[in-house]
Amino acid sequence: MYKIRALVVDDNMVNQTIHQRLLENMGIENQVVKNGKEAVDVHSSGKYFDLILMDMDMPIMNGIEATRRLRAMGIRCMIAGVTTRSLDQEKQEFVEAGLDDYQEKPLTKAKLVSILHKINHTT
């Protein structure tokens, strides 16, 4: 059986832990990086993920820029923005950068299931 692999991109350790536990409880392998540059670097090194949970506000490189760069590199996996930002203009910029899904924090099992359902229907 195919195992889904996820990348958690968030600079907040509490959010990293919450996202990791949710993924692990659903049997999803995952790796955590703390900013957008690290997400781009991980993909540059040849790793592949089925899902990226991308925060928007991070140091060094934010989620919007990281999403743009990943798409420019040809990364076609599901990228879900997971953020506390709720202003329509900010959400729109994030979505236009190349998101497949957008969820407001906190990420819950129901929200994660919704994201995973989309992966299963696009692969």
Side-chain angles (χ1 to χ4, degrees):
M1 189 178 146
Y2 180 73
K3 194 163 182 118
I4 294 175
R5 298 193 66 228
L7 180 66
V8 175
V9 188
D10 201 308
D11 60 321
N12 181 297
M13 285 188 68
V14 173
N15 290 327
Q16 289 173 359
T17 303
I18 290 168
H19 296 176
Q20 262 192 308
R21 285 202 183 125
L22 279 169
L23 291 163
E24 285 167 3
N25 288 342
M26 297 183 77
I28 298 169
E29 280 181 36
N30 63 84
Q31 180 175 339
V32 175
V33 293
K34 59 184 181 290
N35 61 58
K37 182 183 182 311
E38 289 183 9
V40 170
D41 291 347
V42 161
H43 282 84
S44 295
S45 74
K47 287 206 174 175
Y48 176 82
F49 299 90
D50 304 289
L51 168 64
I52 301 172
L53 297 177
M54 183 75 73
D55 184 26
M56 189 160 86
D57 295 310
M58 296 176 287
I60 302 172
M61 184 187 297
N62 69 27
I64 294 170
E65 181 61 26
T67 300
R68 277 195 195 111
R69 291 208 189 175
L70 289 167
R71 292 304 190 210
M73 289 166 60
I75 303 300
R76 294 285 155 248
C77 71
M78 165 78 69
I79 301 178
V82 184
T83 183
T84 53
R85 293 300 186 100
S86 58
L87 290 176
D88 287 341
Q89 184 179 348
E90 291 172 325
K91 276 202 283 201
Q92 188 65 28
E93 187 180 3
F94 204 3
V95 168
E96 286 173 359
L99 291 184
D100 297 297
D101 195 80
Y102 179 92
Q103 299 289 338
E104 283 191 27
K105 286 180 183 171
L107 187 64
T108 61
K109 185 175 181 181
K111 290 176 183 177
L112 184 56
V113 167
S114 165
I115 295 167
L116 294 171
H117 186 71
K118 291 179 183 178
I119 290 178
N120 293 334
H121 285 85
T122 56
T123 52

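What you see is a predicted model; the values in this text were computed from it and never measured. The residues of the chain are indexed from 1 along the displayed sequence.
Contact between Leu107 and Leu112 at its shortest, heavy atoms only, is CD1-N, 4.2 Å. Closest of all the heavy-atom pairs between Gln31 and Lys47 is OE1-NZ, 3.2 Å. The minimum heavy-atom distance between Leu51 and Ala80, with the atom names listed, is CD1-CB, 4.3 Å. Here the closest heavy-atom approach between residue Ala66 and residue Gly36 is recorded as CB-CA, 3.5 Å.
Ile64 is connected to Val40 through a chain of hydrophobic side-chain contacts under 4.5 Å among Ile, Leu, Val, Met, Phe, Trp and Tyr, so both are in one cluster. Under the 4.5 Å side-chain heavy-atom criterion for grouping Ile, Leu, Val, Met, Phe, Trp and Tyr, Met56 is connected to Val33 within one hydrophobic cluster. Note on Val9: it does not cluster hydrophobically with Ile18, by side-chain heavy-atom contacts below 4.5 Å among ILVMFWY residues. Val32 and Ile115 fall within the same hydrophobic cluster, defined by Ile, Leu, Val, Met, Phe, Trp and Tyr side-chain heavy atoms under 4.5 Å apart, directly or through other members. Linking ILVMFWY side-chain heavy atoms closer than 4.5 Å, directly or via other members, places Val95 and Met58 in a single hydrophobic cluster.
Between Lys3 and Asp50 there is no salt bridge, since none of the side-chain N atoms of the basic residue sits less than 4.0 Å from a carboxylate O of the acidic one. Salt-bridge formation is not detected for the pair Glu96/Lys91: no Lys NZ or Arg NE/NH1/NH2 atom is positioned less than 4.0 Å from an Asp or Glu carboxylate oxygen. A salt bridge does not link Asp41 to Arg69: none of the charged nitrogens lies less than 4.0 Å from a carboxylate oxygen. The residues Asp101 and Lys118 are annotated as salt-bridged, a charged nitrogen and a carboxylate oxygen being separated by less than 4.0 angstrom.
Side-chain contact between Ile52 and Cys77 is present, with heavy atoms from C-beta onward closer than 4.5 Å. Residues His19 and Asp10 are in side-chain contact: their nearest non-hydrogen atoms beyond the backbone lie under 4.5 Å apart. In this structure, the side chains of Ile75 and Tyr48 stay at 4.5 Å or more apart for every pair of heavy atoms.
Checked against the 6.0 Å centroid criterion, the rings of Phe49 and His43 qualify as a close aromatic pair.
Arg5 places no side-chain N or O within donor-acceptor distance of the main-chain N or O of Glu29, the cut-off being under 3.5 Å.
For the atom pair CD (Glu93) and CG (Asn62), the distance works out to 8.0 Å, reported to the nearest 0.5 Å. For the atom pair Arg68 CZ and Leu99 CG, the distance stands at 10.5 Å (nearest 0.5 Å). One distance of note links NZ of Lys105 with OG1 of Thr83; it measures 5.5 Å at 0.5 Å rounding. Annotation: the span from Ile79 atom CD1 to Phe94 atom CZ amounts to 8.5 Å, rounded to 0.5 Å.
Looking at Asn15, Leu23, Leu7 one by one, the single match for side chain to side chain contact (heavy atoms under 4.5 Å, CB included) with Leu53 turns out to be Leu23.
The neighbour count for Arg71 CZ, taken as heavy atoms of other residues, nucleotides or ligands under 6.0 Å away, is above 12. Counting non-hydrogen atoms of neighbouring residues, nucleotides and ligands closer than 6.0 angstrom, the NZ atom of Lys37 reaches no more than 12 such neighbours.
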Any chance you could lay out the side-chain contact (heavy atoms from CB on, under 4.5 Å) test for Met26 and Leu116, step after step, and finish with the verdict?
-> CA-CA 10 Å; Met26 297 183 77; Leu116 294 171; 3.6 Å; yes
Step-by-step side-chain contact (heavy atoms from CB on, under 4.5 Å) determination, Met54 to Val8 = CA-CA 7 Å; Met54 183 75 73; Val8 175; over 6 Å; no
List the steps and the verdict of side-chain contact (heavy atoms from CB on, under 4.5 Å) for Asn35 and Asp11.
-> CA-CA 6 Å; Asn35 61 58; Asp11 60 321; 5.7 Å; no
So Asn12 and Asp55, side-chain contact (heavy atoms from CB on, under 4.5 Å) or not? Walk me through it.
-> CA-CA 9 Å; Asn12 181 297; Asp55 184 26; 5.9 Å; no
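No side-chain N or O of Lys34 forms a donor-acceptor pair with one of Gln16 less than 3.5 Å apart.
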